[in-house]
Number of protein chains: 2
Amino acid sequence: MSEQISIGEAARRSGVKVPTIRYYEQIGLLPAPERTEGNRRNYRKDEVQRLAFIRHSRELGFEIDAIKTLLVLQDDPNQPCGTADQIVIARLQDVDQRINSLNALKVELETMLEQCSHGRVKECRVIETLANHDRCIHGHH
Amino acid sequence: MSEQISIGEAARRSGVKVPTIRYYEQIGLLPAPERTEGNRRNYRKDEVQRLAFIRHSRELGFEIDAIKTLLVLQDDPNQPCGTADQIVIARLQDVDQRINSLNALKVELETMLEQCSHGRVKECRVIETLANHDRCIHGHH
DNA sequence: CCTACATCCTCTAGCGACTAGAGGAGCAAG
DNA sequence: CTTGCTCCTCTAGTCGCTAGAGGATGTAGG
């Protein structure tokens, strides 16, 4: 017969924590597995594989809903992959936006630090920049 | 006497939404303002200023707890500004890390898209890359 | 066989930083 | 006087987990 895979073992193999696996089952992202006589979850290899898929997708920042769609696609290999493409493209745009705003932020934070005289709060540019958004790098709005 | 500033007006001036202002009061980030006869919040200019400070800090990604500390510093101008510095430095490191991992992500997502033949899911690299982390850009682990 | 101890089970509540909605009161303009 | 806007409080929901209580089951050693 095929191997017995406990939830702990599945966690080790997939890199998804035990409570998170149970959570995924609860929200319907992962189907409920078979149980042993003692009522313990007993995973099959393809379920562990599915967990790894989920984990990788989460690492790439996909939302649970997007992952659900991706999993449906994976289960039906004759579907055109345009939907998957679009999910990835949307995520890519999101990532680009985040990178841009984080870069702007980085500049602003660095400027704050450079201007700080390391004296008292009274003449501290850090506090003042936070207080007075107009003077900051983003300018008026 | 000084101007009457309703919560809606304070929201408009500071850029913080009305329910968020009430939330900030609830968690003790913003002191409870005076009330009018009709039990409405009545802000003073310095309170609106404080809201703008909070908003800008949030935009820069500072956590509420960090902002609490920054506000205490702002209120006591004779304190050395080293604490403020450290908060900013910590945030800067965090931002740097995020930028790095987002850039790695971007590359991976782009690679996925480039390899996709835009056919069926069966031969789609997008789905396969997600399923098979080993083959992805990050390599084995 | 007994005892530790690890692992598992379910269930509920908490996190951060809001956001949404119910149900009602106050206020200004027409 | 009525319409419609803003305001009030309160509770519950969002996302993706994480933590903890309280108990059952499984395994290894003595």
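Here is how names work: the chains are called A, B, and so on, in the same order as the sequence lines, proteins then strands, and each is numbered from 1.
Look at Arg35(A) and you'll find a side-chain N or O under 4.0 angstrom from OP1 or OP2 of dT10(C).
Evaluation of the salt bridge (charged side-chain N to carboxylate O under 4.0 Å, His left out) rule for Glu9(B) yields Arg12(B), Arg13(B) as partners, not counting sequence neighbours.
A donor-acceptor contact shorter than 3.5 Å links the side chain of Arg91(A) to the backbone of Leu60(A).
Gln4(B) and Asn42(B) share a side-chain donor-acceptor pair at under 3.5 Å.
Annotation: proximity of residues 63-71 of chain B to DNA chain C (heavy atom, distance under 4.0 Å) is found for Glu63(B), Ile64(B), numbered in ascending order. For residues 18-34 of chain B, proximity to DNA chain C is found at Thr20(B), Tyr23(B), Tyr24(B), defined as any non-hydrogen atom under 4.0 angstrom from a strand atom.
Counting heavy atoms from C-beta on, the side chains of Arg41(A) and Ile5(A) never come closer than 4.5 Å.
The OH-C1' distance, from Tyr43(B) to dT6(D), rounds to 14 Å in whole Å. A straight line from CD of Gln4(A) to P of dC8(C) spans 13 Å, rounded to a whole angstrom. Rounded to a whole Å, the CD1 atom of Ile5(B) is 13 Å from the P atom of dC7(D). Here dC8(D) presents its P atom at 7 Å from CG of Asn39(B), a figure rounded to the nearest Å. Rounded to a whole Å, the CD atom of Glu37(A) is 16 Å from the C1' atom of dC9(C).
To the nearest 0.5 Å, atom CZ of residue Arg55(A) and atom CG of residue Leu130(B) are 13.0 Å apart. To the nearest 0.5 Å, the span separating CG on Leu70(A) from CG on Asp75(A) amounts to 11.0 Å.
Of the candidate nucleotides dC7(D), dT9(D), dC8(C), dC8(C) has the atom nearest to the side chain of Ile7(A). Distance from the side chain of Lys17(A) is smallest to dT18(D) among dA24(D), dT10(C), dT18(D).
Salt-bridge check for Arg50(B) with Glu47(B): failed, with every basic side-chain N at 4.0 Å or more from each acidic carboxylate O.
Residues Arg41(A) and Phe62(B) each lie close to DNA chain C; by heavy-atom proximity, the contact nearer the 5' end of the strand is made by Arg41(A).
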